[in-house]
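Okay, structure first, notes after.
Hydrogens, waters and symmetry mates play no part in the numbers below; they use all other heavy atoms, side chains included.
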Amino acid sequence: MAASRTVEIAIIGAGVVGLATALRLAGEGREVLLIDPNEPGSGASFGNAGTLAEYACMPVGNPAVLCALPKLLLDPDSPFSMRWAALFQLAPWLVRFVRQSLPAATRANAVALAGLLAEALPAWEEMVQEAGLQDLLRRKGCLYLYRRESDFAAGAGGRALRAGFGVHQQVLDAEEVAALEPGLPATGARGLYFPDSMNVTDPGTLMQRLLDAATVCGTLLVKAEVTGLQIEGSSVRLSGPDMDIKAGAVVIAAGARSRALAAQAGDKIPLDTERGYHLEFPTDVPPLNRPVCPVDLGFYMTPMAGRLRVAGTVELGGLAAPPNPRRLALLDRGVRQFFPNLGQSSSEWLGFRPSLPDSRPIIGRSRGSSRVIHAFGHGHLGLTLAPITARLVAALIGGTVDASRLGPFAADRFSA
């Protein structure tokens, strides 16, 4: 049995949200212990498309997706798929997802996301300075590519929604797309350009820099798995193999593995998993200037340091199943529509996004104890929302945040 240790704040999960939160709290002089059984930042924080998508206020569940859902789920090569072996497990989540895809719910979810996203890039700029990340960011925007007029027409609702929230977006004709991305083949495609967006040139290096900066501020890292969470009066006990920790406050930031811990704290959260994939192709000269998303294929092509990363699509299906080679082949076929001479991929990856039916993260105190704070469920926006989530968690712990500010992200929104 491991000896018990006591700490002011324990953060469960060393992905980008946990790392950003540790940096923020330690920078304020808090005693912080970061706990993760894996290498920090090695999960979805490493394998994502590398975009800081301040424009992405449209929830995954929306009327357009709802109308196309049967076709999407039945087509194994669609951008939105499901492992049918997991249907029984996923059924309650899918029912909630359908409800959240109705127009009124979509609007409410978009409003909530837009409020967070409006603060995302300013929070990132602050963290960039604090952690010395300037050389890892490109400020060249992001491009949606519409190769079919039907897709462009279907996106009208999203464009109107973003315009209503003040998101900077520019509709481009084929000539303007070619001028922005001369490396793309001439397809006559329209574009939607988000000029304020930034992207990361090396997510793995960025995660290491965040860890280094948090460590300099005094954060300690323990490589261990938390399996038990018990509220004990003025503290929270965390237990696991060879681990026994008492903390004055606990932040659950364990991504797709947060549900069981939240349940032990007293919160039943309908969290499930989106399985995300990427392929990487070595490149001496980047074929693109910025992330490009062909909307019909549902993935991003992102230029990174010495390579092109192709990342995205949605596969519902849990944490246990092995990688689906069909999804990797889908990415490979898709990118070769644009760059047929890429050669063989140098790496492939499967990771797990924590997904909630309404696309809103859980940020706020547990119903079971004010000493447990949730910071998980960011879906496709973990990288984008990490610094603003860290700022809100620190404000919660410091008692300086208006509780109504976090109402849309509260755990109890699913209790009705």
Side-chain angles (χ1 to χ4, degrees), residues 1-48 124 126-128 130-133 136 200 202-230 235-258 260-262 264-265 351-352 354 371-376 378 382-383 385-387 389-394 396-398:
M1 181 69 179
S4 180
R5 63 190 298 178
T6 302
V7 67
E8 181 185 4
I9 301 170
I11 300 174
I12 307 173
V16 65
V17 173
L19 289 168
T21 303
L23 176 60
R24 181 84 187 190
L25 291 170
E28 294 180 355
R30 303 280 188 175
E31 181 192 20
V32 178
L33 184 68
L34 193 61
I35 309 169
D36 198 301
N38 303 308
E39 287 297 321
S42 61
S45 301
F46 161 79
N48 54 66
W124 256 101
E126 182 181 2
M127 193 170 75
V128 162
E130 188 173 359
L133 307 174
L136 296 176
V200 175
D202 194 322
T205 300
L206 186 140
M207 298 308 142
Q208 185 59 54
R209 295 263 192 94
L210 285 177
L211 177 62
D212 292 345
T215 301
V216 167
C217 291
T219 297
L220 297 178
L221 173 66
V222 171
K223 293 188 71 173
E225 181 181 8
V226 178
T227 56
L229 184 154
Q230 186 174 357
S235 65
V236 181
R237 182 183 292 275
L238 302 177
S239 58
D242 299 318
M243 185 193 70
D244 184 23
I245 293 167
K246 280 190 175 182
V250 168
V251 179
I252 300 178
R257 293 176 170 82
S258 298
L261 294 167
Q264 292 182 62
F352 306 104
R371 295 184 178 277
V372 177
I373 295 175
H374 300 312
F376 60 85
H378 294 75
L383 186 67
L385 294 177
T389 299
R391 184 187 290 179
L392 291 169
V393 169
L396 265 175
I397 291 174

Exercise for review: Keeping the roles fixed (side chain from Glu130, backbone from Gly27), state whether a donor-acceptor pair exists under 3.5 Å.
Suggested key: no
Review point. What heavy-atom pair brings Pro40 and Leu211 nearest, and what distance separates the two atoms?
Key: CG-CD2, 3.7 Å
Point to revise | Ser45: partners by side chain to side chain contact (heavy atoms under 4.5 Å, CB included), with sequence neighbours left out | key: Val16, Met207
Exercise for review: Would you check if the side chain of Ser258 reaches a backbone N or O of Ala254 as a donor-acceptor pair within less than 3.5 Å?
Suggested key: yes
Check your understanding: Between Glu126 and Arg24, is there a salt bridge with N-O shorter than 4.0 Å?
Key -> yes
Exercise for review: Give the C-alpha distance, both sets of side-chain angles, the deciding distance and a yes or no for side-chain contact (heavy atoms from CB on, under 4.5 Å) between Val200 and Leu383.
Suggested key: CA-CA 10 Å; Val200 175; Leu383 186 67; 4.0 Å; yes
Practice item. Starting from the C-alpha separation in whole Å, work towards a yes-or-no answer on side-chain contact (heavy atoms from CB on, under 4.5 Å) for Ile12 and Val250. Key: CA-CA 7 Å; Ile12 307 173; Val250 168; 3.7 Å; yes
Review point. So, the side chain of Gln230 versus the backbone of Arg237: is there a donor-acceptor pair under 3.5 Å, distance only?
Key: no
Point to revise | Separation of Gln208 CD from Thr215 OG1 (nearest 0.5 Å) | key: 8.0 Å
Exercise for review: Report the distance from atom OG of Ser42 to atom CG of Asp36, rounding to the nearest 0.5 Å.
Suggested key: 6.5 Å
Check your understanding: Do we see a donor-acceptor contact under 3.5 Å between the side chains of His378 and Thr389?
Key -> yes
Review point. Between Val222 and Arg5, is any pair of side-chain heavy atoms under 4.5 Å apart?
Key: yes
Review point. Do you know the tightest heavy-atom contact between Val32 and Val7?
Key: C-CG2, 4.4 Å
Check your understanding: To the nearest 0.5 Å, how far apart are CG in Leu19 and CE in Met127?
Key -> 8.5 Å
Point to revise | Set of residues satisfying side chain to side chain contact (heavy atoms under 4.5 Å, CB included) with respect to Phe46, sequence neighbours excluded | key: His278, Arg309, Trp349
Exercise for review: With Val226 as reference, evaluate Ile252, Ile245, Leu261 under the side-chain contact (heavy atoms from CB on, under 4.5 Å) test and give the passing residue.
Suggested key: Leu261
Exercise for review: Indicate the atoms forming the closest heavy-atom contact of Ile35 with Ala224, along with that distance.
Suggested key: CG2-O, 3.5 Å
Review point. How close do Lys246 and Ser235 get, heavy atom to heavy atom, and via which atoms?
Key: CD-OG, 4.1 Å
Review point. How long is the span from the CG atom in Leu392 to the CD1 atom in Ile373, to the nearest 0.5 Å?
Key: 10.5 Å
Review point. CG of Leu136 to CG of Asp202: how many Å apart, nearest 0.5 Å?
Key: 7.0 Å
Check your understanding: Between atom CD1 of Ile11 and atom CG of Leu25, what is the distance when rounded to the nearest 0.5 Å?
Key -> 5.5 Å
Exercise for review: Sorted by first residue and then second, give each side-chain hydrogen bond (donor to acceptor under 3.5 Å, both in side chains) pair with at least one member in residues 216-225; sequence neighbours left out.
Suggested key: Glu39-Lys223
Review point. Donor-acceptor pair, Trp124 side chain versus Ala386 backbone, under 3.5 Å?
Key: no
Study note, to complete from the structure: Nearest heavy-atom approach of Ala22 to Leu34 is CB-CD1, 4.3 Å
Exercise for review: Indicate yes or no: at least one non-hydrogen side-chain atom of Leu238 is less than 4.5 angstrom from one of Val236.
Suggested key: yes
Review point. Would you say Arg209's side chain and Gly132's backbone share a donor-acceptor pair under 3.5 angstrom?
Key: yes
Revision key, fill the gap. Minimal heavy-atom distance between Thr6 and Glu31, with the atoms involved, is O-OE2, 4.1 Å
